[in-house]
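Just below is one structure, and these are the notes that go with it.
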Amino acid sequence: MCGRTCLTLSPDDVCRACQYSGGSGGAKKKVQPTWRSEYNLGKTYNPSYNIAPTDVSPVLVSEAHFEEEGDSGKQVLVPMMWGIVPFWHKGEHNTHGLTTNNCRLENLMNSKLYKRSFMNGQRCVIVCEGFYEWKTTQKAKSSERDVFFIYRPQVDGVKIEDKSTWKPEEVDLLKMAGIYDVWTNESGDTLYSYTVITFQSNKTLSWMHDRMPAILDSQEKIADWLDYKRISPEDALKLLKPTDSITWHQVSRLVNNSRNKSEECNNPIKRETKSPIKSKMMQSWLQKSGKTKPTRDEEDAESPVEAKKPKLEVTDEEAGSSGPSE
DNA sequence: CCAGACGTTGTT
DNA sequence: GTCTGG
DNA sequence: CCAGACGTTGTT
DNA sequence: GTCTGG
């Protein structure tokens, strides 16, 4: 599932962080998406460690949706509300009564709510530093579930939760595939809103939750997902596959309350001590089996495996934005 | 033809 | 229990 | 996703 | 608005 995200960059910095190789002709140059602020009933984007449904956050879309003769390969950032308001909805924007913060990929193509937007090319990419996931538990109340912050592996030295260790130009933001819609009220005011596409989790995350967002893990996939004139809906769907290019750490339950916007929200906490009984059993079992360390599978896979860190090298994507400077 | 749904989650 | 707000 | 409300009256 | 169920 995906019910809370984190994005703390200013609009300008989000633009910098979303630099992509674009432009026409053979010589692709690095360009930044432009910031396109819509009225959205007066709702605006506020950088936050704790973004919840109904909040507004920036998403990438093709410029061609807005410019008459726009290049569908060009990207723009548009603040939109999380949770689609169906374009046919009558009344206040918040009275449709449907849960639309996520769209199950399995249901997309026979959904009355999402299919039209999708076939219409209204694809978007939700941008964030990471998202929060509550571990599915049988016994605990929802308020007692373990919470994790999930994000892209960063280059050496960058700690995503410590903004003093990185700059917008070098951070690797998490990008999720979504669908957006445009709603107009009786007065003719428009509201842009989006949903995050989800599917069944792969092994990397299924121990935590059975659903995960459709993460786009390369610049090419992002460009293809957004360019609705070049890539058909059918081909766009093929881009959505579970990724292993993610990592995570446990965070405090401060994030449970969406009013808590503290930067502590995405800070790692020490793993909760297991019950003494289980801990003792584990220790003696480890001694018997002569192991020094439990393997990933043996300890519930609750910490990310190594070897997911990207190599620090200058690729076409990164040329022009070097690593830590100064 | 009209009426009614249109969505997702977790948990008892 | 269920819906709305953040 | 979780938290918090869930209601009405008359009067400062 | 559009689709399904009756």
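Numbered from 1 within each chain, the chains take letters A, B, ... in sequence-line order.
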**Asked** Can a side chain N or O of His209(A) be found less than 4.0 Å away from OP1 or OP2 on dG10(B)?
**Response** yes
**Message:** If you only use heavy atoms from C-beta on, which nucleotide in dG6(C), dA5(B), dC1(D) is closest to the side chain of Trp134(A)?
**Reply:** dC1(D)
**Asked** Stacking here means centres under 5.5 Å and planes under 30°; does Trp88(A) stack on dC6(B)?
**Response** yes
**Request:** Please confirm whether Tyr194(A) and Trp183(A) have ring centers closer than 6.0 angstrom.
**Result:** no
**Prompt:** Just checking Tyr132(A): base, sugar-phosphate only, or nothing, at a heavy-atom cut-off of under 4.0 Å?
**Reply:** nothing
**Asked** Given pairs defined as Watson-Crick or G-U wobble with both distances under 3.5 Å, what dot-bracket annotation applies to DNA chain E, with ( ) intrastrand, [ ] crossing, | other strand and . unpaired?
**Response** ||||||
**Asked** When you check the phosphate oxygens OP1 and OP2 of dT8(B), does a side-chain N or O of Arg211(A) lie under 4.0 Å from one of them?
**Response** no
**Message:** Taking the C1' atom in each of dC1(B) and dT9(D), what is the distance between them to the nearest angstrom?
**Reply:** 49 Å
**Request:** Taking atom C1' in both dT2(C) and dG10(B), compute the distance separating them and give it to the nearest angstrom.
**Result:** 13 Å
**Message:** Using atom P in both nucleotides, what's the gap between dG7(B) and dC3(E) to the nearest angstrom?
**Reply:** 12 Å
**Request:** Group every Ile, Leu, Val, Met, Phe, Trp and Tyr by side-chain heavy-atom contacts under 4.5 Å, then state whether Ile246(A) and Leu216(A) land in the same group.
**Result:** yes
**Message:** Regarding Ser111(A), tell me which of base, sugar-phosphate or nothing describes its non-hydrogen contacts under 4.0 Å with the strands shown.
**Reply:** sugar-phosphate
**Message:** Just the rounded figure in Å: distance from C1' of dT8(B) to CD of Glu133(A).
**Reply:** 13 Å
**Prompt:** When you measure from every atom of DNA chain B, which of residues 91-102 of chain A have a heavy atom less than 4.0 Å away?
**Reply:** Gly97(A), Leu98(A), Thr99(A), Asn102(A)
**Message:** Heavy atoms only, 4.0 Å cut-off, all strands: where does Cys2(A) land among base, sugar-phosphate and nothing?
**Reply:** nothing
**Prompt:** How many Å lie between NZ on Lys141(A) and P on dT11(B), as a whole number?
**Reply:** 12 Å
**Prompt:** Which whole-number value in Å describes the distance from Asn257(A) CG to dG6(C) C1'?
**Reply:** 8 Å
**Asked** Using a cut-off of less than 4.0 Å, is there contact between a side-chain N or O of Arg259(A) and OP1 or OP2 of dG4(D)?
**Response** no
**Request:** Would you kindly give the CE-to-P distance between Met212(A) and dT9(B), to the nearest whole Å?
**Result:** 14 Å
**Item:** Euclidean distance, atom CG of residue Leu113(A) to atom P of dC3(E) [Å, nearest integer]
**Value:** 13 Å
